[in-house]
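To keep things clear, I will list the structure first and then write my remarks on it.
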2 protein chains.
Amino acid sequence: MSDRDSSDEVVADPPPDRRRLRHEAKCAAIVAEAWELARRDGLAVISLRDLAERVDLRQPSLYAYFDSKLALYDAMFIDGYRQLLELMAQHPPADDPREALVEFVELCVRFSSEDTVRHQLLFQRTIPGFRPSPEAREVTLGFLEIGWQRLMDVGVTDVASSDIFTALVAGFTHQQVFHDPRGDRWLRHVRRAVEMFVADLEGRSPPRRRADQLRHLRPRGA
Amino acid sequence: MSDRDSSDEVVADPPPDRRRLRHEAKCAAIVAEAWELARRDGLAVISLRDLAERVDLRQPSLYAYFDSKLALYDAMFIDGYRQLLELMAQHPPADDPREALVEFVELCVRFSSEDTVRHQLLFQRTIPGFRPSPEAREVTLGFLEIGWQRLMDVGVTDVASSDIFTALVAGFTHQQVFHDPRGDRWLRHVRRAVEMFVADLEGRSPPRRRADQLRHLRPRGA
DNA sequence: GTCTATATTCGGATAGAC
DNA sequence: GTCTATCCGAATATAGAC
């Protein structure tokens, strides 16, 4: 029973109206072009001049959208993690928890090798002054939680095993991205690596099959 | 029966005399200072002005030692790998090949986490225009060969297993360097990870104990 | 929000005397 | 080999009119 709630509102404070939508759309367009430029020239050497030109603005006008270059990197960072979360959402976990874990790692590797500079921004610390903002950190948690869930589903409840797993993911993505960007040289061994990881788990805890206990892992690092 | 072969030689073509030694010493000093600066400001933003000042030169004089900034990065790259090789030379392999492999990975992780920017230059592709020169590539081979040797000693003869191993090393170093630079959060699980790797090897090839066969691995990537 | 114009700083690299 | 002096370009960021 809301009538005409989007056309003729007279609110003054912070109206989420057409103007704001347009602003956000332009932000998104800028970020998209920034990725394009980063892929072309390298992440560290994006020029705000080039960028502005490509979104039909003069260079100073970018400051209406981003307070600084680092703020732009932050927006790209958030955008990148959103893409990752979207990819994960498109691939719900398989019923078998081992299979789900394998597919999770494969997705990570594929995602990273799709776009080297995105991988660089999201998973390396390579831009000199850049530190993800609190809001950006928030988004990364969404991804980490997916990983933890998959781990718990195969029975991992300790930080040690979790750390080994993150090293595994980091290693395969890194090698694939930097030594065979458009191939599958490392991707094709993900299954074997995960099976080796799971076998190690089972060798440790006596083979009690309690894969469904849920203890909480501390979100430090990784 | 060689008499006075180092004091009074009259060779003229490329005399490795005092002048050349001094030149190389200065090169080394510059590189050392460059590392210092890189650790302070970040690898990508070394300024040749700052650098020159710190080695008591004016900025243009650096060009008597390095043709360009990229040439400086190349020298740092070579220097970094020399440091790694030296470290390896100080730690000859244990008699037990599994133990030798564990220690090799632990050395790699320790070496990398000792110096983040060194790790960045040697193992990431992060400087926009930089590609290691042929001479630099030569030096990296020395390190790779040590790794292959350790792998062959535990019976690895296939590229697949070797690739999994390099992913393991890359992953542990990466996590240690970026998520716990001065701690041992990942370092302390290297042994378990390597044992899990070796167990996987033994599960694959029937447990014939022929750890000493030497087939050659192709030097692609990693 | 967008523009023009400009401030400011800094970068790498070169010329040419000594 | 080292210097002074300078070039040339590029960068991010700001001021202020519209």
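Quick note on labels: first sequence line is chain A, next is B, and so on, each numbered from 1.
Computed from coordinates, the A/Asp50 CG to D/dG9 P distance equals 16 Å when rounded to whole Å. Look at CD1 on B/Ile46: it is 16 Å from C1' on C/dC10, rounded to the nearest Å. Computed from coordinates, the B/Lys26 NZ to D/dT2 P distance equals 7 Å when rounded to whole Å. Atom CG in B/Leu62 sits about 13 Å away from atom P in C/dT14, given to the nearest Å. For the pair B/Arg58 CZ and C/dT14 C1', the computed distance is 18 Å after rounding to whole Å. Going from atom CG of A/Leu51 over to atom P of C/dT2 covers 13 Å, rounded to whole Å. The nearest whole Å value for the distance from the CD atom in A/Glu53 to the C1' atom in D/dA11 is 15 Å. At whole-Å resolution of the value, CG in B/Leu37 and C1' in C/dG11 are 14 Å apart.
Counting any heavy atom pair closer than 4.0 Å across all strands shown, A/Ser61 reaches a base atom.
Out of D/dT12, D/dG1, C/dG1, the shortest distance to the side chain of B/Tyr65 is found at D/dG1. Listed candidates were D/dA13, C/dG1, C/dG12. Nearest to the side chain of A/Gln59 is D/dA13. Between C/dG11, C/dT2, D/dA5, one nucleotide has an atom nearer to the side chain of B/Pro60 than all others, and that is D/dA5. Side-chain proximity of B/Leu48 to D/dT12, C/dG12, C/dT14: nearest is C/dG12. Residue A/His23 places its side chain closer to C/dG1 than to any other of C/dT2, C/dG1, D/dT4. Distance from the side chain of B/Ala64 is smallest to D/dG1 among C/dT2, D/dG1, D/dA11.
Taking 4.0 Å as the cut-off between side-chain N and carboxylate O, A/Arg19 and A/Glu24 do not count as a salt-bridged pair. Under the 4.0 Å criterion applied to side-chain N and carboxylate O atoms, B/Arg40 and B/Asp50 are assigned as salt-bridge partners. Remark: B/Glu103 does not engage B/Arg191 in a salt bridge, criterion side-chain N to carboxylate O under 4.0 Å.
With hydrogens and angles left out, the side-chain atoms of B/Asp79 and B/Trp35 include a donor and acceptor closer than 3.5 Å. A donor-acceptor pair shorter than 3.5 Å cannot be found between the side chains of B/Glu114 and B/His119.
The side chain of B/Arg49 contributes no N or O atom lying less than 4.0 Å from OP1 or OP2 of C/dG12.
A heavy atom lying under 4.0 Å from DNA chain D marks none of the residues of residues 68-79 of chain B.
For A/Phe123 and B/Phe178, the distance between ring centers is not under 6.0 angstrom.
Note: A/His179 and A/His174 have perpendicular aromatic rings, judged against thresholds of 30 and 60 degrees for the angle between ring planes.
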